[in-house]
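Worth saying up front: this structure is predicted, and the values here are computed from it rather than measured. Sequence positions, counted from 1, serve as the residue numbers for this chain.
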Amino acid sequence: QVQLVETGGGLVHPGGSLRLSCITSGFRLNTHAVGWFRQAPGKQRQAVACISTNRQSPIYADSSTGRFHIVRDNTRNTVYLQMNSLNADDSAVYYCAAVDLGSQMSEYCGLMPDDYRYWGQGTQVTVSS
């Protein structure tokens, strides 16, 4: 059974940091691209970052560049999202998603929700003083 479970969300002050984890099971993570997305109330789901199977080509949304960092650890079946310099606009439910590329050497990852097949249930991040 394919599962993605996001952990690490919570309440943080502006300027603070959080590290989210996407813990996967039921499939071979090393052939799957993984993306992080977020959705605030009343807004569309938007991309945060993604990472390919060869780990060489992470892609960041403009709002994440320079502040967020995505890393994958296939031995732990986990993908992390380190978020720094958080502000109120970062408040949202954060989701991780995965799609099978059939290769451990692919450079591809997408920033559209339709690029992904499997989704977690999300974790809430609230940035507030």
- [ ] Give the minimum heavy-atom separation between Asn54 and Ser52, together with the two atoms involved.
- [x] OD1-OG, 2.7 Å
- [ ] Would you list the pairs meeting ring-ring contact (aromatic ring centres under 6.0 Å, His included) in which at least one residue belongs to residues 60-93, sequence neighbours left out?
- [x] none
- [ ] Using side chain to side chain contact (heavy atoms under 4.5 Å, CB included) as the criterion, list what pairs up with Ser129, not counting sequence neighbours.
- [x] Pro14
TODO: Before giving the answer on side chain to side chain contact (heavy atoms under 4.5 Å, CB included), spell out for Met83 and Tyr94 the whole-Å C-alpha distance, their side-chain angles and the decisive distance to 0.1 Å.
DONE: CA-CA 11 Å; Met83 305 188 296; Tyr94 282 70; 3.7 Å; yes
Open item on the list: Under a 3.5 Å threshold, yes or no: a donor from one side chain and an acceptor from the other, between Thr78 and Asp73?
Closed with: no
Open item on the list: With rounding to the nearest 0.5 angstrom, report the CG to OG1 distance, Asn77 to Thr24.
Closed with: 4.5 Å
TODO: Applying side chain to side chain contact (heavy atoms under 4.5 Å, CB included), run through Arg117 and Asp100 and close with a yes or a no.
DONE: CA-CA 8 Å; Arg117 179 176 180 184; Asp100 190 1; over 6 Å; no
Open item on the list: Let me check something: do Tyr95 and Leu4 share a hydrophobic cluster, defined by ILVMFWY side-chain heavy atoms less than 4.5 Å apart, either directly or through other members?
Closed with: no
TODO: Could you tell me the separation between the CG atom of Leu81 and the CZ atom of Arg72, rounded to the nearest 0.5 Å?
DONE: 14.0 Å
Open item on the list: Determine whether a donor-acceptor pair (N or O, by modelled atom type, separation under 3.5 Å) exists between the side chain of Thr53 and the backbone of Ser103.
Closed with: yes
- [ ] Using the side chain to side chain contact (heavy atoms under 4.5 Å, CB included) rule, take Val71 and Ile51 through it: C-alpha gap first, then chi angles, then the decisive distance, then the call.
- [x] CA-CA 7 Å; Val71 175; Ile51 188 165; 5.6 Å; no
Task: Arg67/Asp90 salt bridge by N-O under 4.0 Å criterion - done: yes
Open item on the list: With a sphere of 6.0 Å drawn around CD of Gln124, does it hold more than 12 non-hydrogen atoms of other residues, nucleotides or ligands?
Closed with: yes
Open item on the list: Quick check: closest heavy atoms across Leu101 and Ser106, and the distance to 0.1 Å?
Closed with: CD1-OG, 3.5 Å
Open item on the list: Under the disulfide bond (SG atoms under 2.5 Å apart) definition, can you give me all pairs with a residue in residues 48-102, not counting sequence neighbours?
Closed with: Cys22-Cys96, Cys50-Cys109
- [ ] Measure the spacing between CG of Asn30 and CD of Gln104 and express it to the nearest 0.5 Å.
- [x] 4.0 Å
TODO: For residues Gln46 and Ser64, determine if any side-chain heavy atom of one lies less than 4.5 Å from a side-chain heavy atom of the other.
DONE: no
- [ ] Kindly indicate whether the side chain of Leu18, heavy atoms from C-beta on, has any atom under 4.5 Å from the side chain of Leu86.
- [x] yes
TODO: For the pair Arg19 (side chain) and Gly9 (backbone), establish whether a donor and an acceptor sit closer than 3.5 Å, ignoring hydrogens and angles.
DONE: no
Open item on the list: Whether the Asn74 and Arg76 side chains hold a donor-acceptor pair (N or O, under 3.5 Å, no angle test) is what I'd like checked.
Closed with: no
Task: Main-chain N/O of Ser91 paired to Thr126 side chain as donor or acceptor, under 3.5 Å - done: no
Open item on the list: Quick check: do Ile59 and Ile70 have side-chain heavy atoms less than 4.5 Å from each other?
Closed with: no
TODO: Can you tell me which residue pairs pass the side-chain hydrogen bond (donor to acceptor under 3.5 Å, both in side chains) test with a partner in residues 5-17, sequence neighbours excluded?
DONE: Ser17-Asn84
- [ ] Report whether Leu11 and Val93 are members of the same hydrophobic cluster (ILVMFWY, side-chain heavy atoms less than 4.5 Å apart, transitive linking).
- [x] no
- [ ] Can you sort out the partners of Gln39 under side-chain hydrogen bond (donor to acceptor under 3.5 Å, both in side chains), two or more places apart, ordered by chain and number?
- [x] Arg45
Open item on the list: Filter on ring-ring contact (aromatic ring centres under 6.0 Å, His included), then keep only pairs touching residues 105-129, sequence neighbours left out; what's left?
Closed with: Phe27-Tyr118, Phe37-Tyr116, Phe37-Trp119
